[in-house]
There are 2 protein chains.
Amino acid sequence: MKKISSRTIARALLYLRTLETLIRDGKDTVSSRELARITGLTDVQIRKDISNFGKVGTPGVGYNVAELKKVLEDIVLAKKVIRMALFGAGHLGTAILKYPAFGKQKLRIVAAFDRDKRKIGRTINGVKVYPVEKAPEIIRKNRVDIGIIAVPPESGQKVADLMVLSGLKAIVNFAPVSLNVPGAVSVRDIDLSIEFLSVYCDTQK
Amino acid sequence: MKKISSRTIARALLYLRTLETLIRDGKDTVSSRELARITGLTDVQIRKDISNFGKVGTPGVGYNVAELKKVLEDIVLAKKVIRMALFGAGHLGTAILKYPAFGKQKLRIVAAFDRDKRKIGRTINGVKVYPVEKAPEIIRKNRVDIGIIAVPPESGQKVADLMVLSGLKAIVNFAPVSLNVPGAVSVRDIDLSIEFLSVYCDTQK
DNA sequence: AATAAATCGTGAAATTTGTAACGATTGCAT
DNA sequence: ATGCAATCGTTACAAATTTCACGATTTATT
């Protein structure tokens with residue numbers, strides 16, 4: 001089977017999100033044209049993306065919403081629950097712990113870690129905060145899939161090292177620092193300053 | 001002058017972030033090789049990116065850190081202060097208001113808006129929360145550059161419409177919904193669920 | 001039943017993005 | 001001074017991504 005690119009997968013997740021709202025609205029079928037109108041992409045790209053996953057559409061009609069959702073989910077979200085561990089229970093970390101959309105999805109934060117003794121032992125939105133030292137054990141025991149870094153930049157690399165040591169293969173990094181990790185580990189950097197500045201630059205030139 | 005792509009600009013902002021830490025560490029010069037090691041990119045890409053901005057390096061030596069910083073800033077961050085307005089003072093919105101890295105940079109949140117009467121009038125980290133209806137006036141008066149959407153998905157489009165109406169040309173959207181805006185408006189979507197799921201998918205296939 | 005309209009899937013073309021190769025320049029050691 | 005190692009900037013090349021064009025299929029209409 002052909003390997004599916006990272007960008008295609010990101011779009012597939014966007015299609016899934018869109019399909020869920022279409023289902024809520026009671027729609028049975030949707031065309032590539034309409035998906036394009038909603039998502040802001042082009043119809044060709046949507047057809048091409050979906051064709052990566054199999055022949056699921058009907059010419060003259062479009063895609064069956066429920067069927068397309070199932071096909072996309074089977075490929076990009078085979079697992080029932082994806083477990084995450086959060087490092088850093090500060091403002092941003094707490095906001096992530098309380099992020100409501102995770103509840104409706106397969107994403108679940110199973111543990112939080114912090115250095116601050118005052119935070120350790122507390123429970124935030126049902127998730128307990130542990131001392132950082134306990135991370136490897138807890139991550140292994142809970143079969144955590146994704147590590148989230150929401151600590152200050154000067155601690156970012158140390159946390160990343162600990163994640164790698166604990167066997168994590170996927171990291172989402174909100175700390176404004178470049179992480180050094182083995183090639184087998186995927187990192188997604190989200191530096192809020194860079195995100196804000198870059199959308200602003202887009203409008204300038 | 002050649003137009004610089006959006007991705008190149010995002011990398012330039014990453015270089016800037018890196019240069020700032022190098023300056024803090026007292027380094028005078030840096031080579032493309034070392035920048036590559038730090039950022040995880042390749043040295044070729046870094047040389048190519050920088051060459052877009054002019055001939056700033058010295059063969060055999062590398063780049064003068066201060067000079068490179070100045071050149072990158074002049075091009076991607078000509079403005080002294082970039083003003084932002086936040087919509088939605090919930091958990092995520094509050095975390096953004098309290099995000100410490102903005103303080104050290106040119107980014108400043110000048111106003112927050114919310115529907116909730118209990119939040120209106122409060123001040124969070126020095127930023128006042130106004131009722132949404134006041135947005136157009138306040139945005140115009142403060143010459144806001146970027147709008148941040150941190151409201152629930154069902155209100156996302158309404159807020160986006162208001163932003164467009166208020167003359168904003170750059171939007172960062174944390175609401176998990178696709179926005180419909182005129183072509184002249186740049187939108188950067190950050191759907192936390194999609195970010196987490198996509199880095200997880202990267203490790204799977 | 002035949003025609004028209006809508007829409008998918010896909011190979012080919014075009015565009016964008018990233019990589020490699022290498023001449024040119026600089027500083028250092030001898 | 002000369003040779004060597006380091007490193008930039010750039011042209012040519014390769015790979016990835018997107019767009020185009022169009023045949024094939026389905027539904028609706030007359």
Side-chain angles (χ1 to χ4, degrees), chain A residues 1-15 18-19 22 27-72 75 183 198 201-202 205, chain B residues 1-15 18-19 22 27-72 75 183 198 201-202 205:
Chain A
M1 198 203 312
K2 193 189 326 176
K3 181 166 140 272
I4 289 155
S5 87
S6 175
R7 304 177 90 166
T8 305
I9 288 181
R11 284 192 300 269
L13 291 165
L14 176 62
Y15 304 154
T18 309
L19 291 171
L22 290 173
K27 295 247 338 181
D28 278 349
T29 63
V30 66
S31 66
S32 57
R33 197 110 161 283
E34 184 164 14
L35 277 175
R37 189 186 52 74
I38 296 172
T39 61
L41 304 172
T42 69
D43 56 343
V44 189
Q45 178 149 61
I46 286 169
R47 287 202 298 283
K48 190 132 212 188
D49 281 344
I50 292 175
S51 78
N52 281 315
F53 302 107
K55 297 193 182 185
V56 43
T58 311
V61 181
Y63 302 96
N64 178 289
V65 175
E67 185 191 353
L68 179 54
K69 173 162 182 270
K70 185 159 179 346
V71 168
L72 293 180
I75 298 194
S198 82
C201 289
D202 283 354
K205 316 250 160 51
Chain B
M1 199 202 313
K2 191 189 326 172
K3 181 166 141 273
I4 289 155
S5 87
S6 176
R7 304 178 89 167
T8 305
I9 288 180
R11 283 193 300 268
L13 292 164
L14 175 62
Y15 304 153
T18 307
L19 291 172
L22 290 174
K27 296 250 329 181
D28 278 348
T29 62
V30 66
S31 67
S32 58
R33 195 109 162 283
E34 184 164 16
L35 277 175
R37 190 186 52 72
I38 297 171
T39 59
L41 304 172
T42 70
D43 55 344
V44 188
Q45 178 148 62
I46 287 170
R47 285 203 299 282
K48 188 141 204 192
D49 281 344
I50 292 175
S51 78
N52 279 316
F53 302 107
K55 298 193 183 184
V56 43
T58 311
V61 181
Y63 301 95
N64 178 288
V65 174
E67 186 192 353
L68 179 54
K69 173 163 182 268
K70 185 158 178 347
V71 169
L72 293 180
I75 298 195
S198 82
C201 289
D202 283 352
K205 315 252 159 48

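Below, read A as the first sequence line, B as the second, and so on, with proteins coming before strands; counting in each chain starts at 1. On a predicted model such as this, the values are computed, not experimentally measured, just so you know. Computation of the quantities below employed the complete heavy-atom set of this structure, encompassing side-chain atoms and omitting hydrogens, waters and symmetry-equivalent molecules.
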statement: Between CG of A:Leu41 and P of D:dT18 the distance, given in whole Å, is 9 Å
message: For the OG1 atom of B:Thr8 and the CD1 atom of B:Ile50, what is their distance to the nearest 0.5 Å?
response: 11.5 Å
message: Whether B:Arg47 contacts D:dT10 is assessed here as follows: a side-chain N or O lying under 4.0 Å from the phosphate OP1 or OP2. Is that the case?
response: no
message: Using whole Å, what does the distance between atom P of nucleotide D:dG9 and atom CD1 of B:Ile50 come to?
response: 7 Å
- prompt: Rounded to whole angstroms, how far apart are CD on B:Glu34 and C1' on D:dC8?
  reply: 16 Å
task: Specify the separation, in whole Å, of atom CG of B:Asp43 and atom C1' of C:dA20.
output: 10 Å
- prompt: How close or far is atom C1' of C:dG11 from atom CD of A:Gln45, stated in whole angstroms?
  reply: 17 Å
field: Distance, rounded to the nearest Å, where B:Ile46 contributes CD1 and D:dT7 contributes C1'
entry: 13 Å
message: Quick check on DNA chain C: between A:Pro59 and A:Lys48, whose nearest nucleotide comes earlier from the 5' end?
response: A:Pro59
query: OP1 or OP2 of D:dC8 sitting under 4.0 Å from any side-chain N/O of B:Ser32?
result: yes
- line: Ranking B:Arg7 and B:Gly62 by the position along DNA chain D of their nearest nucleotide, the one closer to 5' is B:Gly62
- request: Answer yes or no: is there an ion pair linking B:Glu34 with B:Arg37, defined by an N-O contact shorter than 4.0 Å?
  value: yes
task: Give a yes or no on whether B:Arg33 atom CZ has more than 12 heavy-atom contacts from other residues, nucleotides or ligands under 6.0 Å away.
output: no
task: Return the nearest nucleotide to the side chain of B:Arg33; candidates are D:dG9, C:dT26, D:dT7.
output: D:dT7
message: With a cut-off of less than 4.0 Å, is there a side-chain N or O of B:Tyr63 near OP1 or OP2 of D:dG9?
response: yes
message: Once you apply a heavy-atom cut-off of 4.0 Å, does B:Val44 come out as touching a base, just sugar-phosphate, or nothing?
response: base
query: Below 4.5 Å, heavy atoms only, C-beta onward: do A:Leu68 and A:Phe53 meet side chain to side chain?
result: no
- prompt: Which whole-number value in Å describes the distance from A:Glu67 CD to C:dC8 P?
  reply: 13 Å
query: If only side-chain N and O atoms of B:Thr42 are considered, is one of them under 4.0 Å from the OP1 or OP2 phosphate oxygen of C:dT19?
result: yes
message: Without decimals, in angstroms, what is the distance between B:Asp28 CG and C:dG27 P?
response: 14 Å
- prompt: Taking the side chain as C-beta and beyond, is there a heavy-atom pair between B:Val30 and B:Leu19 under 4.5 Å?
  reply: yes
query: Between A:Arg11 and D:dT18, does any side-chain N or O lie under 4.0 Å from OP1 or OP2?
result: yes
